There are 2 protein chains.
Amino acid sequence: MNSNVIVRAPLHAQVAERLRLLIDSGELAPGTRLNENELCQNMGVSRTPLREAIRSLATEGLVELQPNRGAIVSVVSQDDVTEILPIMASLEGLGGRLAAVHMQTDQIKQIRKIHNQMVTHYQNYEVTEYFETNQLIHELITEGSGNQTLVDTINSLSAKVRRARFSAQMTRESWAKAVSEHEEMITALEARDPKRLEAILIQHVETKRTTILGSLQQS
Amino acid sequence: MNSNVIVRAPLHAQVAERLRLLIDSGELAPGTRLNENELCQNMGVSRTPLREAIRSLATEGLVELQPNRGAIVSVVSQDDVTEILPIMASLEGLGGRLAAVHMQTDQIKQIRKIHNQMVTHYQNYEVTEYFETNQLIHELITEGSGNQTLVDTINSLSAKVRRARFSAQMTRESWAKAVSEHEEMITALEARDPKRLEAILIQHVETKRTTILGSLQQS
DNA sequence: CGGGTTTATTTTGCATACAAAATACGTTAT
DNA sequence: ATAACGTATTTTGTATGCAAAATAAACCCG
């Protein structure tokens with residue numbers, strides 16, 4: 001009679017997930033010390049799974065371990081962004097190159113659809129929706145590479161700069177540029193032109209880097 | 001009076017280190033279940049730090065967690081190698097491109113020295129020494145990029161295929177090709193030609209991929 | 001004798017308890 | 001009053017204990 005038992009994920013995984021959210025949302029700001037007791041009470045779990053979760057986040061780079069002094073939320077400096085984005089550019093470029101060859105035609109059509117939605121959001125100044133569709137397109141292209149390790153690697157790097165990206169204010173020009181680059185991306189994908197798509201993606205991430213750094217500078 | 005106190009690393013870090021060694025050396029073969037009690041007694045620690053270490057290795061991808069069924073040593077399939085090496089190619093290429101610009105001239109001279117040693121080892125059929133110097137050159141170039149995140153990312157990927165690389169038998173031809181590619185690499189580095197170095201590195205890792213896959217196929 | 005069910009044992013997951021280190025605090029001496 | 005020392009408290013690190021799940025074994029029934 002145990003038909004629809006919900007096999008809930010291990011506690012430490014749930015805790016890790018929750019911590020990621022707290023960090024992404026900024027509730028746990030960069031530099032904050034993770035007090036184990038406090039977090040335990042907050043989340044209603046004991047220290048064991050919490051600590052395991054923290055270790056995971058540390059390996060992912062979201063928090064930093066300080067021996068005998070616990071963990072702090074990693075602070076992503078300007079330098080970190082400068083380091084990470086060129087790597088993401090290379091990898092997204094690789095992903096695009098592979099996707100242009102491997103993706104199914106109907107998958108590409110699907111991306112074109114989402115792209116059109118994104119453009120509408122752009123025209124209507126719907127920032128959140130724009131970001132979401134934008135992000136989705138990048139993910140779909142990368143997944144289209146058929147290389148799961150590549151997807152994981154990019155996601156891991158992306159996680160570290162996610163907050164910086166959110167908070168980065170786009171200027172009218174940089175936004176327009178991003179959209180036009182996206183248009184080129186889709187066109188290259190539809191034409192199944194690996195080298196061209198790769199080049200555009202690399203350029204696109206470079207544009208992003210400039211935008212983010214420009215925004216970080218002000219603060 | 002606490003001059004030379006040795007701050008020993010946290011137990012879980014030591015355990016993780018030891019586990020990595022066991023996995024790399026093959027004492028813990030791919031697919032092996034990690035029995036916690038067994039390992040605890042073996043290493044003389046309790047389960048807590050051991051489990052934390054296992055979580056770390058899981059995030060690194062060296063072991064695979066199976067809910068309620070513990071962890072097994074990851075099995076690197078042919079497909080995994082096929083996925084990972086193109087990524088490493090892109091990243092090492094990026095590293096080279098940056099290194100060609102950023103490295104100090106005397107650092108480049110140092111690499112040339114090591115390269116010459118490597119060639120000698122090649123001529124004398126000293127396989128182990130050849131592998132070590134070879135590996136060292138790649139690391140030094142990547143480090144020369146000045147991008148620590150890049151170094152970490154490459155190392156993480158490298159760790160997963162390390163065993164496959166060791167066990168890969170080089171043919172006379174593939175070995176010769178690898179050496180000649182290395183010669184080209186150093187030349188491009190000395191000429192501070194980023195694009196050329198990048199291209200060679202990408203090609204070089206591609207060669208490696210072929211070698212490893214050819215070797216995996218036989219087994 | 002074989003398949004399936006129940007029971008026993010092992011093994012993992014989580015919580016708690018204890019030890020060591022680090023931090024915070026108060027006291028004392030200059 | 002301030003600096004420095006020593007003590008108290010907090011916080012992390014490790015070990016152990018208990019419960020649930022999974023695996024292995026025994027048993028029963030056909």
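All values below were derived from every heavy atom in this structure, side-chain atoms included, with hydrogens, water molecules and symmetry-related copies excluded. Throughout, protein chains are lettered first and strands after them, A, B, ... in sequence-line order, and every chain is numbered starting at 1. Here the structure is a predicted model, which is why all the values come from computation and not from measurement.
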*For Arg47(B) and for Glu52(B), locate the closest nucleotide of DNA chain D by heavy-atom distance; then report the residue assigned to the nucleotide nearer the 5' terminus.*
Glu52(B)
_Could you tell me if Asp106(A) and Gln110(A) have a donor-acceptor pair between their side chains, going purely by distance under 3.5 Å?_
no
*Compare the minimum distances between each of dA22(C), dT12(C), dA15(D) and the side chain of Pro49(B), then state the nucleotide with the smallest one.*
dA15(D)
Taking only N/O atoms, report every protein-nucleotides 7-11 of chain C pair under 3.5 Å with atom names and distance.
{"residue": "dT11(C)", "atom": "OP1", "partner": "Asn35(B)", "partner atom": "ND2", "Å": "3.2"}

*Roughly, in whole Å, what's the span from CE in Met43(B) to P in dT14(D)?*
13 Å
*Side chain proximity check, Leu50(A) to Leu34(A), heavy atoms < 4.5 angstrom*: no
*Would you mind listing every salt bridge (charged side-chain N to carboxylate O under 4.0 Å, His left out) that reaches into residues 61-80 of chain A, with sequence neighbours excluded?*
none
*Go through the steps for Glu52(B) and Arg55(B) under the test salt bridge (Lys or Arg N to Asp or Glu O under 4.0 Å), then give the verdict.*
CA-CA 5 Å; Glu52(B) 288 180 350; Arg55(B) 257 64 187 179; over 6 Å; no
*So do Val205(A) and Leu201(A) actually touch side chain to side chain, heavy atoms under 4.5 Å?*
no
*For atom CD of Gln41(A) and atom C1' of dT16(C), their distance in whole Å*: 14 Å
*Protein-nucleotide distance (Arg51(A), atom CZ; dT14(D), atom P), rounded to Å*: 7 Å
*How long is the line joining CZ of Arg55(B) and C1' of dC14(C), in whole Å?*
11 Å
*Could you check how far CD1 of Ile54(A) sits from P of dT12(D), rounded to whole Å?*
8 Å
*Between His204(A) and Glu181(A), is any side-chain donor less than 3.5 angstrom from a side-chain acceptor?*
yes
*Would you kindly give the CG-to-C1' distance between Leu11(B) and dT16(D), to the nearest whole Å?*
15 Å
*N or O in side chain of Thr48(A) less than 4.0 angstrom from dC14(C) OP1/OP2*: no
